Amino acid sequence: SSPGWALLLSILNEQIAHRTQAIILSPLKSIDAVGEQEYAKGEVAALKLAVQMPEAMLEAVIDELKQLEEALKNGS
C-alpha cells in the first residue's frame, strides 16, 4: 500500500465516521429535514464504496490474470 493510498483511506474513513455520527446523533429538526438526512446517508454509502472499490477491482484483475495464466498453460 502506498503512502498516498493510506492517506486517502484515512481521509475517507474520517469522513465516513464524521457523517455517520452526524446522522446517528443529530435528531431531525423537522419533517422537511428527511431529504437532507437521506442525502447524507447517500454520501456515506458513496464514501464506503470509494474505500472498497479499488480492492475489489484489483481482486477481479488478479482472478482474471490467474484464469489467463491457466488457459495459457493448458494451451487454450
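The residues of the chain are indexed from 1 along the displayed sequence. When reading the values below, keep in mind they use all heavy atoms of this one structure, side chains included, and skip hydrogens, waters and symmetry mates. On a predicted model such as this, the values are computed, not experimentally measured, just so you know.
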Handout entry: Pairs touching residues 53-69 that satisfy salt bridge (Lys or Arg N to Asp or Glu O under 4.0 Å), sequence neighbours left out
Key =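 As it turns out, there is no salt bridge (Lys or Arg N to Asp or Glu O under 4.0 Å) pair with a partner in residues 53-69 once direct neighbours are skipped.
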Problem - Residue pairs passing the salt bridge (Lys or Arg N to Asp or Glu O under 4.0 Å) test where at least one lies in residues 25-34, sequence neighbours excluded - result: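 Qualifying pairs, neighbours excluded: none.
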Exercise for the section: Of all the heavy-atom pairs spanning A50 and W5, show the shortest one and how long it is. Expected result: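 Minimum heavy-atom contact is O-CH2, 4.1 Å.
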Problem - With M57 via side-chain contact (heavy atoms from CB on, under 4.5 Å) - residues at least two apart - result: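 M53.
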Handout entry: side-chain contact (heavy atoms from CB on, under 4.5 Å) involving T20 - partner list, sequence neighbours excluded
Key =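 In terms of side-chain contact (heavy atoms from CB on, under 4.5 Å), with neighbours along the sequence ignored, T20 is linked to I16, I24, V44.
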Practice task
Hey, could you give me each pair passing side-chain hydrogen bond (donor to acceptor under 3.5 Å, both in side chains) that has a residue in residues 43-54? Not counting sequence neighbours.
Solution key: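 Every pair satisfying side-chain hydrogen bond (donor to acceptor under 3.5 Å, both in side chains) with a residue in residues 43-54: R19-E43.
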Exercise for the section: Using side-chain contact (heavy atoms from CB on, under 4.5 Å) as the criterion, point out the one residue from L72, L68, N74 that pairs with E70. Expected result: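 Exactly one candidate clears the test, N74.
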Handout entry: Atom CG of L7: over 12 foreign heavy atoms under 6.0 Å
Key =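 Counting other residues, nucleotides and ligands, CG of L7 exceeds 12 neighbours.
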Problem - Partners passing side-chain hydrogen bond (donor to acceptor under 3.5 Å, both in side chains) against Q37 (at least two apart in sequence or in another chain) - result: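 Listed in chain order: nothing, the list is empty.
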Problem - side-chain hydrogen bond (donor to acceptor under 3.5 Å, both in side chains) partners of S30, counting only residues at least two apart - result: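 Applying side-chain hydrogen bond (donor to acceptor under 3.5 Å, both in side chains) to S30 gives none.
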Practice task
Could you state whether L47 and V51 fall into the same hydrophobic cluster, counting links through intermediate Ile, Leu, Val, Met, Phe, Trp or Tyr residues with side-chain heavy atoms under 4.5 angstrom apart?
Solution key: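 Yes; tracing contacts between hydrophobic side chains, which count when under 4.5 Å, links both residues.
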Handout entry: Partners passing salt bridge (Lys or Arg N to Asp or Glu O under 4.0 Å) against E38 (at least two apart in sequence or in another chain)
Key =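 E38 satisfies salt bridge (Lys or Arg N to Asp or Glu O under 4.0 Å) with K41 only.
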Exercise for the section: May I ask you to decide if A22's main-chain N or O and S26's side chain share a donor-acceptor pair within less than 3.5 Å? Expected result: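 Confirmed, S26 side chain pairs with A22 backbone.
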